[in-house]
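Sequence lines set the chain letters: A, B, ... in the order given, protein chains first and strands last, and positions in each chain run from 1. For the numbers below, each heavy atom of this structure counts, side chains included, while hydrogens, waters and symmetry mates do not.
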There are 2 protein chains.
Amino acid sequence: MRARDINKVELVKQKAIELLVELGFEGFTMNKLAKACGVSVATLYIYYKDKDDLIQNIGLEEVQRMSAIMLEDFDPESSFSEGLRQQWKNRAKCILENPLTAQMIEQLRSSTYQEKIFQTFGEIFKEPLGKFMHNAIEREEIVDMPLESYWSVAFGPLYSLLRFHNEGKSLSGKPFVLTDEVLWSAFDVVLKGLKK
Amino acid sequence: MRARDINKVELVKQKAIELLVELGFEGFTMNKLAKACGVSVATLYIYYKDKDDLIQNIGLEEVQRMSAIMLEDFDPESSFSEGLRQQWKNRAKCILENPLTAQMIEQLRSSTYQEKIFQTFGEIFKEPLGKFMHNAIEREEIVDMPLESYWSVAFGPLYSLLRFHNEGKSLSGKPFVLTDEVLWSAFDVVLKGLKK
DNA sequence: TTCATTAGTGAATGAATATTCATTTATATT
DNA sequence: AATATAAATGAATATTCATTCACTAATGAA
């Protein structure tokens, strides 16, 4: 039996992400992907059932990889302030170090693959994040409100900042660089609001 | 000379938005749009130069329509607290009352049309929002930081909440409804942080 | 009413695109 | 080394899709 070339599989995955981001869903085709990989189109159909399967699998794999990074060194039992800061650190790092994947996931979020993506994120984060929030409420570190509100206040500004940074677009005219200082000063404002 | 049927033009626009959201960029085709409208494909090419032109024009028109709503009753000279609340009110109303358009714009944001969309929003908002921020800083209602940081802290949570609501996905398991109470309690947390 | 002009159409057309197939090639096992 | 098995391929195939074209139908202007 002949073994599947792992490097080739990885190459396909990497190029797929690159092309999806570069061309968007509109422009992404199996033939372009094959050409970009220097591989026969038929090979893609050995790895994946069809185009949909390819996008979905690569998408979900990346979601899982990113999620794992986001939960590194995060302890649901830690104090709210400490836990939130760890989350920020992880998420910022994750997105800044994986800009292509982050953009692809953004695209998937606002596409017909939305549901699957959301479900996967939900399954992974529900338990640790839920427990963390529950603890914080019990310790009276934050007031009780729907989990969605917390999520939005806690991470909304972060993702917004990261989006500006990734898209390289500046509201102020001046070039916008996402320094630690900028990141933390914005967060600081939110933190002040979250602390009891 | 024969006049163009305005109702038909409007129908095409409306159905285009519906189909783009329902099928995503991957699934949206001129033939499907024509069929959904009960119109010949060729007719679409009377209204628009090509598929790209159709998407771009409809997208930008909607961006402008939404922007106008977002700036209703907004006075750059008002106090920071008042102005920000007005912006929240407008943006929430805008998105809750135009869910399809909002979703389409989200899709455009993370597609290859990104640049044009961003540029248009930028042109419309730069002046009023810039002046508003400038005033707030001068009056020492908020501390000085990049416009992007303000934007993110001020609107990040809102858009995040609205996204949960639109996507009907709940982190907590319990159904999530975006009541005024939820909206304002989340904002309140942010506002506490923004106020000096 | 007549006419010129543009709206609107149904049926092509040709280019892409997703997918398959008949072979060839590499390699793990014997 | 021989063999079996699956990987990999290049060239089809069948389908879908954007766009065009030859033609008909309205309608504003004269």
Whole angstrom value for the distance that separates P of D/dC17 from CZ of B/Phe25: 16 Å

Say whether, by atom type as modelled, one donor and one acceptor occur between the side chain of A/Asp50 and the main chain of A/Asp53 under 3.5 angstrom. yes

Interface polar pairs with nucleotides 26-30 of chain D, N/O, under 3.5 angstrom:
residue : atom : partner : partner atom : Å
D/dG28  : O4'  : B/Met1  : O            : 2.8

Should the side chain of A/Ser40 and the base of D/dG10 be counted as holding a donor-acceptor pair, with the cut-off at 3.5 Å? yes

Please check if the side chain of B/Ser67 supplies one atom and the backbone of B/Val63 the other of a donor-acceptor pair under 3.5 Å. yes

From B/Ile17 CD1 over to B/Thr101 OG1, what is the distance, rounded to the nearest 0.5 angstrom? 4.0 Å

Rounded distance in Å - OH (B/Tyr48) to P (C/dA7): 14 Å

Donor-acceptor contact below 3.5 Å, side chain A/Ser149 vs main chain A/Met145: no

Excluding sequence neighbours, so at least two apart, what forms salt bridge (Lys or Arg N to Asp or Glu O under 4.0 Å) with A/Lys13? A/Glu61, A/Glu62

Divergence of helical axes at both termini of the helix from C/dT1-D/dA30 to C/dT30-D/dA1 - five pairs an end, 10° steps: 20°

Residue pairs fulfilling ring-ring contact (aromatic ring centres under 6.0 Å, His included) with at least one residue in residues 159-185 of chain B, sequence neighbours excluded: A/Trp151-B/Phe164, B/Trp151-B/Tyr159, B/Trp184-B/Phe187

Looking at residues 7-20 of chain A, who's got a heavy atom less than 4.0 Å off DNA chain C? none

Only counting residues at least two apart or in another chain, list the ones meeting salt bridge (Lys or Arg N to Asp or Glu O under 4.0 Å) with A/Arg2. none

NA contact type, A/Tyr47, heavy-atom cut-off 4.0 Å: base, sugar-phosphate, or nothing? sugar-phosphate

Could you tell me the separation between the CG atom of B/Leu23 and the P atom of D/dC17, rounded to a whole number of Å? 10 Å

Whole-Å distance separating the CG atom of B/Asp5 from the P atom of C/dT6: 18 Å

Contacts of type salt bridge (Lys or Arg N to Asp or Glu O under 4.0 Å), residue A/Arg163, not counting sequence neighbours: A/Glu106

Nucleotide D/dT19, atom P - distance to CG of B/Leu33 in whole Å: 13 Å

Can you tell me how far C1' of D/dA18 sits from NZ of B/Lys35, to the nearest Å? 15 Å

Using whole Å, what does the distance between atom P of nucleotide D/dC17 and atom CD1 of B/Ile55 come to? 14 Å

Residues two or more places apart in sequence or in another chain: which of them pass ring-ring contact (aromatic ring centres under 6.0 Å, His included) with B/Tyr113? B/Phe25

Determine yes or no for a side-chain-to-main-chain donor-acceptor pair under 3.5 angstrom, with A/Lys15 supplying the side chain and A/Gly38 the backbone. no

To the nearest 0.5 Å, atom CG of A/Leu19 lies from atom SG of A/Cys37 at 7.5 Å

Residue pairs passing the ring-ring contact (aromatic ring centres under 6.0 Å, His included) test with at least one member in residues 123-143 of chain A, sequence neighbours excluded, are A/Phe74-A/Phe132, A/Phe80-A/Phe132

Taking only nitrogen or oxygen atoms into account, show me every contact under 3.5 Å that the protein makes with nucleotides 16-18 of chain C, one pair per line with its distance.
residue : atom : partner : partner atom : Å
C/dA18  : OP1  : A/Lys51 : NZ           : 3.1
C/dA18  : OP2  : A/Met30 : N            : 3.0
C/dA18  : N7   : A/Asn31 : ND2          : 3.4

A/Leu44 CG to D/dG10 C1': how many Å, rounded? 14 Å

Output every pair passing ring-ring contact (aromatic ring centres under 6.0 Å, His included) with a member in residues 36-61 of chain A, not counting sequence neighbours, ordered by first then second residue. none

Contacts of type salt bridge (Lys or Arg N to Asp or Glu O under 4.0 Å), residue A/Glu26, not counting sequence neighbours: none

